[in-house]
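Written below as C-alpha cells is the structure these notes are about.
Just so you know, these numbers use all the heavy atoms, side chains as well, and skip hydrogens, waters and symmetry mates. Chain letters run A, B, ... following the sequence lines, proteins first, then strands; residues in each count from 1.
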Number of protein chains: 2
Amino acid sequence: MRNGSSVTIYQVARAAGVSPSTVSNLLNGRPGRMLPATRQRVEEAIEQLGYRPNRTARQLRTGRTQAIGLVVPSVANPFWGTFARHLEGAALAEDYHVLLCNSEREPERERRYLEQLWDDGIRGVVLCSSLPSLDHVKPLLEAGLTVVAFDRTAQPGDPEALVNISVDNVVGAHLVTQHLLDLGHRRLAYVSGSLRAVNRQERYRGYLSAITDAGLDLADANAELSTSDTSYGDRDAAELGRARTVELLGSANPPTALVAMNDMCALGVCAGVRDTGRQVAEDVSVVGFDDILLAELCAPALTTVRQPLERMAAEAFQHLRAGIEGGAPLPGRSLLIRPELVVRASTAPPR
Amino acid sequence: MRNGSSVTIYQVARAAGVSPSTVSNLLNGRPGRMLPATRQRVEEAIEQLGYRPNRTARQLRTGRTQAIGLVVPSVANPFWGTFARHLEGAALAEDYHVLLCNSEREPERERRYLEQLWDDGIRGVVLCSSLPSLDHVKPLLEAGLTVVAFDRTAQPGDPEALVNISVDNVVGAHLVTQHLLDLGHRRLAYVSGSLRAVNRQERYRGYLSAITDAGLDLADANAELSTSDTSYGDRDAAELGRARTVELLGSANPPTALVAMNDMCALGVCAGVRDTGRQVAEDVSVVGFDDILLAELCAPALTTVRQPLERMAAEAFQHLRAGIEGGAPLPGRSLLIRPELVVRASTAPPR
DNA sequence: GCCGGACAGTAAATCGATGCACGAGTCTTT
DNA sequence: AAAGACTCGTGCATCGATTTACTGTCCGGC
C-alpha cells in the first residue's frame, strides 16, 4: 500500500461484477457500450470505493498528461506572476496542472527545461522567451510539442508550428510616446535593457516611430536610447532604470520625459528621478509598459500601457489544449492584441 | 512513435548485448553488479542512442515523483512570486519540478488542489495557507504526504506530521513597532485584513506587545486596529490599506504612524496617506512587512521587516526532499526564522 | 571432492489504466 | 434457415521501468 488509498480499476470491476475493460470504457466516455443498469452498477462501485484514477498510469498508457509547462523569465516579476496566476486559473478550470519554470533569462536553462518537460510527458508549453531565435525548440516542436510563444511576436525564420500571442508592442509604445508628445515634451529618452529581446526592440521601434510620425526629427526630439548590454534579469530591471536615469538626468541637456521598457523598469526610473532631487511628473514625466498591479499604487501612479493578461492567458491555454488533445500541433498562427493606454499621474506637460 | 524519440531501456539493452535488468541496475546506482567492461558497454549504448529515462514509467513503478507542489494564495503577489522563484530554484538544482497552485485563499480550492496533487503522485507539498486550521490536510498526511507549512507557525491542534517554516511574526512586528516608538510616535494604528489568518494575528500581537513593553498603555498609545472581516485576497490588500487609511486619517485625532500587515498593504496605505493630502514620513510614518522587491523602489522607500525568502525556500525544499525520499514523512518540527528590521525612508519622527 | 558463497547477470512479475480485437447472444433480412 | 448486423460486453497485450528471485559459474577451504 505504498500508494496510500490506491483503489484500482480492478477493485471497482470486481465490486461491480464486470471486467476492468468495462470500467475503463465508462471512464473514457464510452458509456454507450453497456446497459444503463451496468453503467449504474459501475458508477455506484466507483462512488462507494472512492475510486480515483491514477494519472500516472493513464499517462504512461496514453502518452497524454493533464499538465502544461510555463516557462517565464522569473515569476518574481509581478508581471509574470500575474500572468502565471491567470494561466493557472484557466488551466484549473479544465483540470490541468501548471509546471512552473523560471528561465532566469538563461538560454541554456530554458533549453534544459523544455527538454525536461518533454521527458516528463508534457506536450504543451507556454514559452515566455526573450531570445531572438527559437531554433532550440524546433526539435521538440517536430517531436510533437505544442508551444505558445507568449509576449513575443512572430519573427521571420521562426519554426512553423509556433503559435504566437503577444500584445502589439509597437502600437503600445507608440501610444504612450504619442501621449508624451501631446503633452508637449520634445526631449525624450528611452530606457531599456539589452535590445536583443524581440519585444524590447519592438517597443523601441514604436517609440521611434511615434516621434517621426509626429513630424519631428529624431535629432531635434533629442530621442536617446539608454541601454545596457549586459543581460539584465527582471530583478535588476528596476536597478537598471534607476542607474540609467541618474546618468541621463546628469547630462547637459536632460530629457523631460522618460519611456521605460516596462513598469518594473519605470519604477526604477521614478526612483532615479527622485535620486537627483527632482519630482516625477512635475519635473520629469515617466511612462512604463504592462500595467502591473503596482503601477497604480506607486506614487505618483504610473502612466502605462495595459496588457490584458487574463484574456491572453485564457487564449494561450486554449491553444495549448487544442494542440495537446488534438494530437497534432496546430498550424502556426499569430495573435496580436491591441494594447490600451492608461493615463495616470506620472505624466504632465513639461515645465 | 507517439512519444517522439522514445528510446527505451530495451533498446539500450539490445545494443549493449545485455538484459534490461542490467541497464536498470546501472541506472539505479548498482553498478557493482556487473563487470566494469559490461558497465562501459551499457554506458556507451546509452550515450549513443541518446537514451533518457521515461519519468512516467518510473513513477508508476516506484510511486515516487520528481516533483513537488506549491500552494500559495496567489503568485500575482510579489511576495509569493519571489518565494516561488526561490523554491523553484532549489528544486531545479535537484532535478525536481514545481507544480504551481494558487488557492486564491479559498479553502475549498486549496483542499481540491491537495487531493489533485496526491492523485498526480506528488508526495511533497509546500503549503502556504492562511487557514486557521489545517485539519483538511490530515488525511493526506496520514496517507504519506509530506507537508511543509510555510509562513505559518505551528499551532496547538495541528496535525503531528507537519513541518512548519516561518519567520517569527511576533518578533518582526515587535521590531518594527518598536522602531516607530523609538522615533517618538505615540498614536499608532494597525492596518490589517481579516485576523483569522494565523500570521496576521501574530503580527498584531507583536505590535501590541511592543506598545505595552514600552510601558505604554494601549489606550494612551491610541493603538487602533483597523481591519476588515471580508476575506480580502492579495490583490486587494493594497486597496484595503488605502481605504482604511483614508478612514483613519479622517478621524478626530488621527494616528501619526501606521503599521501595515504586509508590504502590499503598506503600499496601499502610502497611497491612502497621499489621498488625504499628506506626505508619507513627514506627516505620517508607514511600515510594512516582508520586504518585497518593491519596498525599496517605491517612494518613499518602505521601512519594513525582511523575510529571508531564499534561505527559507531552500530549507523548505530540503525538508520535502527528505520526506519524499526517506519514504516516510519526517517527524513534525518547527523552524522559526528571526526577521530583520530594514529601516528606509517611510518613517520619521512625528511632527 | 564436495560444499558454501561470492559474482555476474537474467527472467519475469509488477505498477494501473487503456483500447483493440474478439465473442456470445439477439434481432433482421432475404 | 443462414448470413449479416447489432448489442453488450471481455481478454489480453501494452506503455517503460523496476526489482525480486533465481541460474550458472568459479573459487577457496577443509
Side-chain angles (χ1 to χ4, degrees), chain A residues 1-42 45-46 49-66 118-121 123 144 325 327, chain B residues 1-43 45-46 49-66 118-121 123 325 327:
Chain A
M1 195 123 322
R2 169 178 51 236
N3 221 357
S5 62
S6 123
V7 180
T8 78
I9 208 179
Y10 287 85
Q11 313 187 25
V12 173
R14 187 159 346 123
V18 295
S19 79
S21 313
T22 299
V23 181
S24 173
N25 280 332
L26 177 59
L27 257 39
N28 290 308
R30 286 179 286 269
R33 298 220 182 160
M34 65 207 75
L35 290 176
T38 312
R39 171 178 174 174
Q40 199 185 336
R41 268 188 1 258
V42 175
I46 288 176
L49 299 176
Y51 167 79
R52 268 152 42 199
N54 180 320
R55 286 168 164 237
T56 307
R58 195 173 254 182
Q59 176 182 347
L60 175 59
R61 189 62 241 258
T62 64
R64 263 172 270 133
T65 343
Q66 293 271 94
W118 176 261
D119 286 350
D120 251 359
R123 293 299 171 260
E325 296 182 3
Chain B
M1 196 121 319
R2 171 180 48 238
N3 221 357
S5 61
S6 120
V7 179
T8 77
I9 207 178
Y10 286 85
Q11 314 188 24
V12 173
R14 185 156 351 121
V18 295
S19 80
S21 315
T22 299
V23 180
S24 175
N25 278 332
L26 178 57
L27 257 39
N28 289 60
R30 285 180 285 271
R33 298 223 182 158
M34 66 207 74
L35 292 176
T38 313
R39 170 177 175 174
Q40 199 184 335
R41 265 182 10 252
V42 175
E43 277 168 348
I46 287 177
L49 299 176
Y51 167 79
R52 270 156 35 205
N54 180 319
R55 287 167 163 238
T56 307
R58 196 172 254 183
Q59 177 183 347
L60 176 59
R61 186 65 239 256
T62 64
R64 265 172 268 132
T65 342
Q66 293 271 94
W118 176 262
D119 287 349
D120 251 0
R123 293 298 171 260
E325 296 181 3

Reckon [X] has a side-chain N or O less than 4.0 Å from the OP1 or OP2 of [N]?
{"X": "Ser21(A)", "N": "dT10(D)", "result": "no"}
{"X": "Ser24(B)", "N": "dT18(D)", "result": "yes"}
{"X": "Tyr51(B)", "N": "dA17(D)", "result": "yes"}
{"X": "Arg58(A)", "N": "dG16(C)", "result": "no"}

With sequence neighbours excluded, residues passing side chain to side chain contact (heavy atoms under 4.5 Å, CB included) with Ser21(A): Ser19(A)

Output side-chain donor-acceptor pairs under 3.5 Å for residues 31-40 of chain B, partner residues at least two apart or in another chain, one line each.
from     : atom 1 : to       : atom 2 : distance (Å)
Arg39(B) : NE     : Glu43(B) : OE2    : 3.2
Gln40(B) : NE2    : Glu44(B) : OE2    : 3.2

Could you tell me the separation between the [atom1] atom of [X] and the [atom2] atom of [N], rounded to a whole number of Å?
{"X": "Arg41(A)", "N": "dG9(D)", "atom1": "CZ", "atom2": "C1'", "value": "11 Å"}
{"X": "Ile9(B)", "N": "dA12(C)", "atom1": "CD1", "atom2": "C1'", "value": "14 Å"}
{"X": "Arg64(B)", "N": "dC15(C)", "atom1": "CZ", "atom2": "C1'", "value": "13 Å"}
{"X": "Gln11(A)", "N": "dC15(C)", "atom1": "CD", "atom2": "P", "value": "11 Å"}
{"X": "Arg52(B)", "N": "dA17(D)", "atom1": "CZ", "atom2": "P", "value": "12 Å"}
{"X": "Asn54(B)", "N": "dC15(D)", "atom1": "CG", "atom2": "P", "value": "11 Å"}
{"X": "Gln59(B)", "N": "dA17(C)", "atom1": "CD", "atom2": "P", "value": "13 Å"}
{"X": "Arg55(A)", "N": "dC15(C)", "atom1": "CZ", "atom2": "C1'", "value": "18 Å"}

Nearest to side-chain heavy atoms of [X], which nucleotide of [options]:
{"X": "Val18(A)", "options": "dG19(C), dA11(C), dT10(D)", "value": "dT10(D)"}
{"X": "Arg61(B)", "options": "dG9(C), dA17(D), dC8(D)", "value": "dA17(D)"}
{"X": "Leu35(A)", "options": "dA8(C), dC8(D), dG16(C)", "value": "dC8(D)"}

Counting any heavy atom closer than 4.0 Å, what does Thr8(B) reach on the DNA or RNA strands: base, sugar-phosphate only, or nothing? sugar-phosphate

Under 4.0 angstrom, heavy atoms only, what part of the nucleic acid is Thr38(B) near: base, sugar-phosphate, or nothing? sugar-phosphate

Answer yes or no: does atom CZ of Arg41(A) have more than 12 heavy-atom neighbours from other residues, nucleotides or ligands under 6.0 Å? yes

Nucleic acid contacts - residues 25-33 of chain B versus DNA chain C, non-hydrogen atoms under 4.0 Å: Asn25(B), Gly32(B), Arg33(B)

Rounded to the nearest 0.5 Å, what separates atom CZ in Arg58(A) from atom CG in Asp120(B)? 11.0 Å

dist Leu27(B):CG -> Ile46(B):CD1 (nearest 0.5 Å) comes out at 5.0 Å

Taking side-chain hydrogen bond (donor to acceptor under 3.5 Å, both in side chains) as the definition, give me every residue that meets it alongside [X], ordered by chain and number, with sequence neighbours left out.
{"X": "Thr65(A)", "value": "none"}
{"X": "Asn28(B)", "value": "none"}
{"X": "Arg30(A)", "value": "Asn25(A)"}

Mapping Gly17(B) and Ala57(B) onto DNA chain C by nearest heavy atom, which one lands closer to the 5' end? Gly17(B)

Test salt bridge (charged side-chain N to carboxylate O under 4.0 Å, His left out) on Asp119(A) and Arg55(B); report intermediate values, then the result. CA-CA 7 Å; Asp119(A) 286 350; Arg55(B) 287 167 163 238; 5.8 Å; no

Could you list, one pair per line, each protein nitrogen or oxygen that sits under 3.5 Å from a nitrogen or oxygen of nucleotides 23-28 of chain C, together with the distance?
none

Could you tell me whether the side chain of Asn54(A) reaches within less than 4.5 Å of the side chain of Thr8(A), counting heavy atoms only? no

